[in-house]
Amino acid sequence: LEDAKLAELAREGDTAAYEKLVRIHQTVAFRAAYLVTGDAQEAEDATQEAFVKAYRALGRFRRGSPFRPWLLTIVANEARNRRRSAGRRASLTLRAAQEGPSFSTAVSPESAVVAAERREELLSRLGALSEDDRVVISCRYFLELSEAETAATLGCARGTVKSRLSRALVRLREAMGKEEDAG
Amino acid sequence: MPDSGRFPDRDIERGLRDLGARIEYPPTPDLAHAVRHRIEEEDVGQHTPRNRYWPSFLSPRWTAVAAAVVVVFAAALSPTLRTTLSDLFVSEDGANSGQQAGSGGSAVRPESGGSGARSGQEAGGPAGRPESGGREDTGSSAASRAQPMSGEESSQSDTAESGIDAGGVATCPSLSLEARPARAAPETAFRLHGEGFSTVCGEARPAHDVRIDFRQDGRIWKLATVGADRHLTFDTRLRVPAGARSGQATVRATTRSGELVDEHFVVLR
């Protein structure tokens, strides 16, 4: 509701409202751009440019539609274009904090060490996946985007997100399994 | 889907969510302010009516590109125009002691009247613009071709005719500089891309100490010293000085040998 109201005000030329809208979405937009470009500076440029373009395109934004997927489409397009024009592959390096929230119920020091090792392994295996696999997994599990938002970010249909994610998880699991076998 | 090893599906998904909560992203920049400034500046400026009511293909950028294409074709197809241009350059060559610019043999064409190549939005282009660069510039980047200049803005009009500035710095038409965006508020980041930066003009050795200044109303901020890569280009990220005021400014890149090039810049409120 907040988005819709701000978007409507922005459409009428209220730049203060748009500034609020940017503030609400800049984190997810920047992170999505970062996942695509793999470069923080490039991601910042892409995000800023995308927000300006989105403002100019508000006239084409369908009233009542969720703003975030629409915005992410523009952000991801801008990020992809920049990466392409820079002529390089994204080499995304993600790092996991040692401390922080965990879904794990492990509390003992030993369990904590095991959990940390497992996270590192997972991150390492994820980094070895193809860019498509890595981005779809990152969108869904790291940015916690919905399928629609992930589809917007990837520039594909929702059904494609499902199948691509499923295949990516299979490959990740296989990679983890190989690691297990090797160990 | 069958589970394998110690990571069945649900464990993988749970592990990914756990990981997701711990991923360290670069800090999110505060873009809201800069975005608003850019939008307001564009709205206030001459672009607003065009952007709102003109079709996108009539935007200044595309109009400039179209104009350039027309001129090139006209020059290529019309013997009369070709002759006229040729005569013009020949006479300039005579006046300028036969100076040539670029591999294509086009002459360095100084700006008449010394109005300065500062206004990148103007058609006609700046002084010393190489005709054979193989690249079409539009918008602000057109302002950034190399010019013969001393350290002071006011000297350019005196020197344009000769192609040598008051301080004896030779023109180097291969230099170019482009800021993206070329309009930004103080403390906002922008990217600066330079091409043709060699130790000595025309040589293939990259310049390793190119000084970047931000200049406005007689004030000069040293932003950085950068080095060109083996392609003689550099790409660096800079910030508009906090003390810059809204209005026109210049980003200047100067090599150790004294060759320099300016890029027109607009500081937003």
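Every heavy atom of this structure was used, including side-chain atoms; hydrogens, water molecules and symmetry mates were not. Chain A is the first sequence line, chain B the second, and so forth, proteins listed ahead of strands; every chain is numbered from 1.
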Non-hydrogen atoms of [X] and [Y] that approach each other most closely:
X         : Y        : answer
Ala189(B) : Glu44(A) : CB-OE2, 4.1 Å
Phe30(A)  : Pro26(B) : CE2-O, 3.4 Å
Arg173(A) : Ile12(B) : CA-CD1, 4.0 Å
Phe142(A) : Gly20(B) : CD2-CA, 3.3 Å

Atom CZ of Arg171(A) with >12 non-hydrogen neighbours under 6.0 angstrom: yes
Residues, nucleotides or ligands: over 12 heavy atoms within 6.0 Å of Arg245(B) CZ: no
Side chain / backbone / both / neither for Asp30(B) at chain A, heavy atoms under 4.5 Å: both
Salt-bridge contact Arg191(B)-Glu42(A) (side-chain N to carboxylate O under 4.0 Å): yes
Salt bridge present between Glu49(A) and Arg38(B) (N-O < 4.0 angstrom): yes
Residue part contacting chain B, namely of Ile24(A), when any heavy atom lies under 4.5 Å: neither
Residue part contacting chain B, namely of Ala43(A), when any heavy atom lies under 4.5 Å: neither
Would you say [X] and [Y] make side-chain contact, with heavy atoms under 4.5 Å?
X         : Y         : value
Val22(A)  : Arg36(B)  : no
Tyr141(A) : Leu19(B)  : no
Leu172(A) : Leu16(B)  : yes
Asp18(B)  : Leu122(A) : no
Val35(B)  : Tyr55(A)  : no
Arg31(A)  : Ile23(B)  : no

Pair Glu19(A)-His37(B), side chain to side chain contact (heavy atoms under 4.5 Å, CB included): steps then yes or no: CA-CA 9 Å; Glu19(A) 185 178 356; His37(B) 271 301; over 6 Å; no
Residue pair Asp45(A), Arg237(B): steps toward the salt bridge (Lys or Arg N to Asp or Glu O under 4.0 Å) verdict: CA-CA 10 Å; Asp45(A) 288 346; Arg237(B) 187 174 182 75; 2.9 Å; yes
